[in-house]
Asker: 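Before I ask anything, let me first share the structure, which is written out below as structure tokens.
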Amino acid sequence: MLPGRGHNGRGVRKGRVSQVLGIRTAWTAVADGEFFCPGCGGDRNYQRLTGRRRLTLVGVPLLARGETGPVVECAACRHHYGTDVLDHPTTTRFSAMLRDAVHTVALAVLAAGGTCSRTSLETAAATVRSAGFDDCTGDGLSALVDALAADTGRVCGEPGGASLAIELHEALDPLAPHLAPTGRESILLQGARIALADGPYTPAERDVLATVGAALTICSDDVTRLLAAARTPS
């Protein structure tokens, strides 16, 4: 074997060809915004890019080789990701979704009957404050439920029906895919504790909590188990 020729010279020839011929992608930014970067592990700015590939000869672009992308480029780490990464909410957006979900569940449980009880109101207010609404009060929740009842014709102790189920699904459906099982169960248990603050579940409260469980993609058997566990003093 001659020095520097590799196996029959093929290794050297391949290396020389790869240095002469190549593919270069020219990226063009078409949108930007903020996203949760899986590489950085936090909220970052991004650019959405589309690319055009060209065959190069000694680094000079020659023949077009078609389009590529789109991709999402992180402004911090410069890594490229598929556009489905934008489906994941930012940390800020996720916190707002979680806060709104807890608030909606609390109102739904109170509208099913708990708002008649001061204990339930205060339990609900404490739960909502813990979720991020720092100025939430029992009186404020009571006013909201009264307004909801006046708007829909519901009275204390009656279930919300289809409109209430729609409100719960609107708040919980987008959130559920981004929560771990324990996180989904936690939201259901918070609603259960509000319902139990003034005594055993009423049929209307059970219906609401079953809707919450379904929106959070918790199976009916697990909903039953969690509602029973919430009644057991810790």
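Please read all numbers here as calculations on a predicted model, not as lab measurements.
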Asker: With salt bridge (charged side-chain N to carboxylate O under 4.0 Å, His left out) as the criterion, how do Asp139 and Arg118 come out once you've worked through the C-alpha distance, each side chain's angles and the decisive distance to 0.1 Å?
Answerer: CA-CA 9 Å; Asp139 289 339; Arg118 174 54 55 177; 2.9 Å; yes

Asker: Atom CZ of Arg78 and atom SG of Cys37: how far apart are they, to the nearest 0.5 Å?
Answerer: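 The SG atom of Cys37 is 11.5 Å from CZ of Arg78, to the nearest 0.5 Å.
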
Asker: How far does CG of Leu209 sit from CG of Leu189, to the nearest 0.5 angstrom?
Answerer: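 CG of Leu189 is found 9.5 Å from CG of Leu209.
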
Asker: So do Val102 and Gln190 actually touch side chain to side chain, heavy atoms under 4.5 Å?
Answerer: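 In short, these two side chains touch, coming nearer than 4.5 Å.
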
Asker: To the nearest 0.5 Å, what is the distance between NE2 (His178) and CG (Asp87)?
Answerer: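 Nearest 0.5 Å value for the NE2-CG distance: 7.0 Å.
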
Asker: Do Tyr81 and Glu73 come within less than 4.5 Å of each other through their side chains, counting heavy atoms only?
Answerer: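 No, every pair of side-chain atoms sits at 4.5 Å or beyond.
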
Asker: Are the side chain of Arg44 and the backbone of Cys74 linked by a donor-acceptor contact shorter than 3.5 Å?
Answerer: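 Here the side-chain-to-backbone pair does not exist.
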
Asker: Please check if the number of heavy atoms outside Arg99 that lie under 6.0 Å from its CZ is greater than 12.
Answerer: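 Yes, because the 6.0 Å sphere around CZ of Arg99 holds more than 12 heavy atoms from other groups.
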
Asker: Check the pair Ile194 / Glu205 against side chain to side chain contact (heavy atoms under 4.5 Å, CB included), numbers first and verdict last.
Answerer: CA-CA 10 Å; Ile194 295 170; Glu205 289 169 342; over 6 Å; no

Asker: Any idea how His103 and Phe133 line up, ring-wise: parallel (<30°), tilted (30 to 60°), or perpendicular (>60°)?
Answerer: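 It falls in the tilted class, 30° to 60°.
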
Asker: Look up atom CG in Leu227 and atom CG in Leu188, then write down how far apart they are to the nearest 0.5 Å.
Answerer: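 Atom-to-atom, Leu227:CG and Leu188:CG are 5.5 Å apart.
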
Asker: Mind listing the closest non-hydrogen atom pair of Thr104 and Ala171 along with its distance?
Answerer: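 So the minimum-distance heavy-atom pair works out to OG1-CB, 3.7 Å.
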
Asker: Could you check whether any side-chain heavy atom of Arg231 comes within less than 4.5 Å of a side-chain heavy atom of Leu196, counting everything from C-beta outward?
Answerer: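 Yes, their side chains come closer than 4.5 Å.
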
Asker: Rounded to the nearest 0.5 Å, how far apart are CG of Leu175 and CD1 of Ile187?
Answerer: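 Answer for the CG-CD1 pair, Leu175 versus Ile187, is 5.0 Å.
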
Asker: Heavy atoms, side chains only, cut-off 4.5 Å: are Val208 and Leu168 in contact?
Answerer: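 Heavy-atom side-chain distance check passes, below 4.5 Å.
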
Asker: Considering only heavy atoms from C-beta outward, does the side chain of Ser120 approach that of Leu110 to under 4.5 Å?
Answerer: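 Contact flag for Ser120/Leu110 side chains = yes.
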
Asker: Is a side-chain donor-acceptor pair under 3.5 Å present for Asp198 with Thr119?
Answerer: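 Looking only at side-chain atoms, Asp198 and Thr119 do not form any donor-acceptor pair under 3.5 Å.
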
Asker: Could you report the tightest heavy-atom contact between Ala230 and Ala192, atom names first, then the distance?
Answerer: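 Nearest heavy atoms, Ala230 then Ala192: CB-CB, 3.8 Å.
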
Asker: Between Cys136 and Leu141, which heavy-atom pair has the shortest distance, and what is it?
Answerer: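 Closest pair (atom of Cys136, atom of Leu141, distance): SG-CG, 3.7 Å.
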
Asker: What's the shortest heavy-atom distance between His169 and Ala214, and which atoms?
Answerer: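 Shortest heavy-atom contact: CE1-C, 4.5 Å.
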
Asker: Under a 3.5 Å distance rule, please check whether Ser142 uses its side chain to pair with a backbone N or O of Gly138 as donor and acceptor.
Answerer: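 A pair under 3.5 Å: no.
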
Asker: May I ask you to test the Val105-Leu172 pair for a side-chain heavy-atom distance under 4.5 Å?
Answerer: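 When only atoms from C-beta onward are counted, Leu172 and Val105 do touch, with a gap below 4.5 Å.
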
Asker: Let me check something: do Phe35 and Phe94 share a hydrophobic cluster, defined by ILVMFWY side-chain heavy atoms less than 4.5 Å apart, either directly or through other members?
Answerer: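 Shared cluster, no.
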
Asker: Kindly indicate, with the supporting measurements, whether the criterion salt bridge (charged side-chain N to carboxylate O under 4.0 Å, His left out) is fulfilled by Arg225 and Glu185.
Answerer: CA-CA 11 Å; Arg225 172 181 59 81; Glu185 291 179 359; 3.4 Å; yes

Asker: With side chains defined as the heavy atoms from C-beta onward, is the minimum distance between Val71 and Thr83 less than 4.5 Å?
Answerer: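 Answer no - side chains too far apart.
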
Asker: If you round to the nearest 0.5 Å, how far is CZ of Arg193 from OG1 of Thr123?
Answerer: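 Spacing of OG1 (Thr123) from CZ (Arg193) equals 11.0 Å.
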
Asker: Sub-3.5 Å donor-acceptor pair from the side chain of Arg184 to the main-chain atoms of Leu216, do we have one?
Answerer: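 Flag set: sc Arg184 to bb Leu216 pair under 3.5 Å.
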
Asker: Write down the atom of Val85, the atom of Phe36, and the distance for their closest heavy-atom approach.
Answerer: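 For Val85 versus Phe36, the nearest heavy atoms are CG2-O, 4.0 Å.
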
Asker: Asp43 and Thr92: which non-hydrogen atoms are nearest, and at how many Å?
Answerer: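 That closest heavy-atom pairing would be OD2-N, 3.4 Å.
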
